[in-house]
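What you see is a predicted model, and the numbers here were worked out from it, not measured in a lab. Proteins come first, then strands; the chains are lettered A, B, ... in the order of their sequence lines, and each starts at number 1.
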Amino acid sequence: MAAQRLERQTRAQSEAVVYHLPPGEASAKFQQVVDQWREEPGSLIEVLHEAQNSFDGLSKPVIGWIAQELGLPREDVFAVASFYTMFATEPRPRYVVRVCDCLSCHLADSDGIIDAIRDAARIAPGATVSDDGLFRLETVSCLGLCDQGPAMLVNLKRYGHLTPPQVKEIVSGLQMQATVGRSAP
Amino acid sequence: MTELVAYRNIGKPDSETLAGYLRNGGYHTLAKLLREMTPEQVIETIKESGLRGCGGAGFPTGTKWQFVRQATGRLKYVVCNADEGEPGTFKDRAILEHDPHLLIEGILIAGYATGAEAGYIYIRGEYEPGWLALKRAIAEALGAGYLGDAVCGTSFGFQLGLRRGAGSYVCGEETALLSSLEGKRGIPRLRPPYPANEGLWGKPTLINNVETLARVPTIMEKGAAWYRGLGLNGAAGTKLYSLSGHVRRPGAYELPAGITTRTLVYEHGGGMRDNRALKGFCPGGISSGVLSADLIDVPLDYEPLAKAGSMLGSAAVIAMDETTCMVDVAIQAARFYVHESCGECTPCRLGNERVLELLTKIVVGAGSWHDVHTLQELGEQIRGDARCGLGQAAPLMLLSTLGRFSKDYQIHIEEQRCPTGACSLRHLDKRPQGVMAR
């Protein structure tokens with residue numbers, strides 16, 4: 001009984017938490033997007049896509065805020081966010097590299113591409129994020145680019161017919177871009 | 001030269017815009033049919049054409065439409081499955097990016113025939129160019145009166161929504177897709193009830209693949225007999241083949257239904273790369289299992305392939321040459337299913353993990369014939385007991401390699417080596433989401 005009462009108490013307390021979006025332009029824009037989708041049934045996945053684009057990943061406060069706005073239990077929103085591989089609940093690095101790992105790309109040596117990315121972006125064996133935090137490496141089941149294998153997406157930009165030297169070039173290009181972006185005012 | 005049906009506008013200038021589509025005779029069939037034909041007549045034409053679902057199951061399209069037409073309830077939906085995710089399949093991509101209006105016209109005809117007044121296109125999240133093209137096309141069609149309350153100025157109204165997936169293979173399974181459209185986790189539902197009676201939000205729902213719907217306008221324009229006559233070896237119409245693997249010219253080809261793998265690979269695909277010999281091929285993506293090279297003259301059609309112990313599926317032909325290790329191929333498939341299992345049923349969730357463990361054991365040279373026996377049993381159990389069609393298809397690659405390429409297993413077990421040296425184990429420990437990481 002006592003345990004039940006305690007559970008009810010904690011639940012009431014956690015429900016009392018009110019979530020706010022971080023102040024800023026991104027939040028204002030996202031608020032508008034959510035207002036557009038609010039009346040549409042089953043729009044949660046679209047809203048999560050937009051949220052992920054507006055903020056760096058689907059953090060707890062963002063998930064809490066979406067649940068609050070759409071009138072859904074927080075657990076349900078988290079359950080959906082964690083089910084789909086394109087959604088990340090941890091902070092998103094600047095570049096998410098998704099290497100296609102389907103049979104066709106595998107036959108075209110996608111494993112060699114994965115090795116080349118690890119080397120170029122300095123991602124330790126077993127790790128998924130690069131030492132400088134710039135890249136996250138993921139394998140995906142099939143990108144539907146089997147005629148251009150081995151293939152990958154960087155964020156949502158497509159690359160096909162890859163070779164290890166090309167991958168090195170692409171990665172160093174992105175690293176350069178990031179340094180320039182950082183030093184800009 | 002093959003008559004083009006699903007790819008009829010691909011490669012034409014501005015094919016993705018409304019202006020380009022209208023120039024190629026677009027929406028003309030729809031406007032005519034709304035005024036001159038009853039829904040029953042439309043369904044009859046589709047039935048006569050022999051059109052079958054191009055997503056993988058091959059169910060007769062006209063019959064499916066009739067089920068939805070006859071289902072009780074005023075509110076019905078048409079859902080277009082654009083969650084192209086079966087490894088090796090990329091045929092729908094071109095239609096989505098370069099001919100979105102053809103798809104919309106097909107959906108509208110399906111809506112008219114089944115009595116649905118609303119629909120959704122569910123596109124996989126990775127297909128951003130396709131999503132953008134569809135978004136533009138829907139806005140254009142709405143503005144020009146091809147969508148909305150009075151389609152082509154008639155009393156038929158249709159609202160079309162566009163929704164993205166977010167990286168989940170199982171959402172290509174029709175009932176999982178419905179769960180996802182409702183904004184939930186993509187978990188397959190038990191059938192019956194079938195979506196034709198209880199689908200999206202419990203309403204009667206027609207679910208068709210992109211290619212299926214994109215064929216509809218041309219069939220309605222040129223007639224069922226014309227369409228039927230395009231096929232070879234007893235098959236009806238044309239087919240989109242996604243050809244990949246060790247071939248010289250991989251690509252998506254629209255060719256007569258019922259051609260053989262030999263014609264596809266050697267005439268259209270330019271033959272095998274480096275003139276190597278063909279060892280085996282998957283006729284319908286990795287879910288179809290692998291066939292040995294001696295079955296190259298079996299027509300790529302539903303019944304002949306079923307007889308040969310495989311299936312047409314999404315007609316994604318993956319050709320593999322003599323450098324391929326079939327245990328490695330089985331591992332690749334197992335890894336895929338471990339990653340993509342939704343986790344709802346035990347045979348798929350745990351069975352595939354166990355399959356992957358045992359295959360890995362064989363590849364590192366620690367396997368025995370006992371393991372092969374266990375794999376066979378496990379495979380049969382997953383095939384029989386998994387909850388959805390995707391789960392039931394998961395062990396087909398394993399079972400087919402065990403049956404047709406047992407020599408590859410034998411060399412791994414008895415000589416502790418790979419017959420071709422292609423095994424990818426050297427990479428396993430470096431994978432972000434591989435056996436070791438999970």
Quiz item: Rounded to the nearest 0.5 Å, how far apart are CG of A:D147 and CZ of B:F90?
Solution: 4.0 Å

Quiz prompt | Closest-packed option against chain B by number of heavy-atom pairs under 4.5 Å, given A:L143, A:V47, A:D76, A:L153 | solution = A:L143

Exercise. Under 4.5 Å, counting heavy-atom pairs only, tell me which of A:C102, A:S82, A:S141 racks up the most with chain B.
Key: A:S141

Quiz item: For chain A, which of B:A166, B:G167, B:G285, B:A252 has the most heavy-atom pairs under 4.5 Å?
Solution: B:A166

Self-check item: Most chain A-contacting option - heavy-atom pairs closer than 4.5 Å, from B:M320, B:R249, B:E86
Solution: B:M320

Quiz item: What part of B:T323 lies closer than 4.5 angstrom to a heavy atom of chain A: side chain, backbone, both or neither?
Solution: neither

Quiz item: Who among B:E84, B:E126, B:K91, B:E340 has the most heavy-atom pairs with chain A under 4.5 Å?
Solution: B:E126

Practice problem: Just give me the residue among A:L44, A:L145, A:I123, A:L72 that pairs up with chain B most often, heavy atom to heavy atom, under 4.5 Å. | Solution: A:L145

Practice problem: Find the one option among A:A108, A:P41, A:S43, A:G149 whose heavy-atom pairs under 4.5 Å with chain B are most numerous. | Solution: A:P41

Quiz item: How long is the span from the NE2 atom in A:H106 to the CD1 atom in B:I331, to the nearest 0.5 Å?
Solution: 8.5 Å

Practice problem: Sort B:A319 into side chain, backbone, both or neither according to what part of it lies under 4.5 angstrom from a heavy atom of chain A. | Solution: backbone

Quiz prompt | Main-chain N/O of A:A79 paired with B:R185 side-chain donor or acceptor, under 3.5 Å | solution = yes

Self-check item: Atom pair NE2 (B:H246) and CG (A:L107), whose distance is rounded to the nearest 0.5 Å
Solution: 4.5 Å

Quiz item: What is the distance from atom CG of A:D111 to atom CG of B:D328, rounded to the nearest 0.5 Å?
Solution: 8.0 Å

Quiz prompt | chain A contact via B:L178 - which portion, at a heavy-atom distance below 4.5 Å | solution = neither

Quiz item: So, the side chain of A:E46 versus the backbone of B:R164: is there a donor-acceptor pair under 3.5 Å, distance only?
Solution: yes

Practice problem: Hey, could you give me the CG/SG distance between B:L243 and A:C146, rounded to the nearest 0.5 Å? | Solution: 10.5 Å

Self-check item: A:Y84 versus B:C171, closest heavy-atom pair with distance
Solution: CE2-SG, 3.8 Å

Quiz item: Passes side chain to side chain contact (heavy atoms under 4.5 Å, CB included), A:D101 versus B:Q332? Steps please.
Solution: CA-CA 8 Å; A:D101 198 25; B:Q332 195 62 22; 3.1 Å; yes

Self-check item: Part of B:R163 within contact of chain A (heavy atom distance under 4.5 Å)
Solution: both

Quiz item: Checking B:V317 against chain A: side chain, backbone, both or neither under 4.5 Å from a heavy atom?
Solution: neither

Practice problem: Search all heavy atoms of B:P129 against all heavy atoms of A:R158 and return the closest pair with its distance. | Solution: CG-NH2, 3.5 Å

Quiz item: If you tally heavy-atom pairs under 4.5 Å against chain A, which of B:G161, B:S180, B:G245 wins?
Solution: B:S180

Exercise. Sort B:R273 into side chain, backbone, both or neither according to what part of it lies under 4.5 angstrom from a heavy atom of chain A.
Key: neither

Exercise. Heavy atoms only: give me the nearest A:C142-B:G88 pair and the separation to one decimal.
Key: SG-N, 3.9 Å

Exercise. Please flag which part of B:T324 lies under 4.5 Å from any non-hydrogen atom of chain A: side chain, backbone, both or neither.
Key: side chain

Practice problem: Would you give the length of the straight line joining atom CZ of A:F83 to atom SG of B:C342, rounded to the nearest 0.5 angstrom? | Solution: 5.5 Å

Self-check item: chain B contact via A:Q52 - which portion, at a heavy-atom distance below 4.5 Å
Solution: neither

Quiz item: Where do B:H339 and A:T85 come nearest, in terms of heavy atoms and distance?
Solution: NE2-CG2, 4.1 Å

Practice problem: Provide the closest heavy-atom pair for B:M397 versus A:L103 in the form atom of the first, atom of the second, distance. | Solution: CE-CD2, 3.9 Å

Quiz item: Which answer fits B:L181, side chain, backbone, both or neither, if we ask what part of it has an atom under 4.5 Å from a heavy atom of chain A?
Solution: backbone

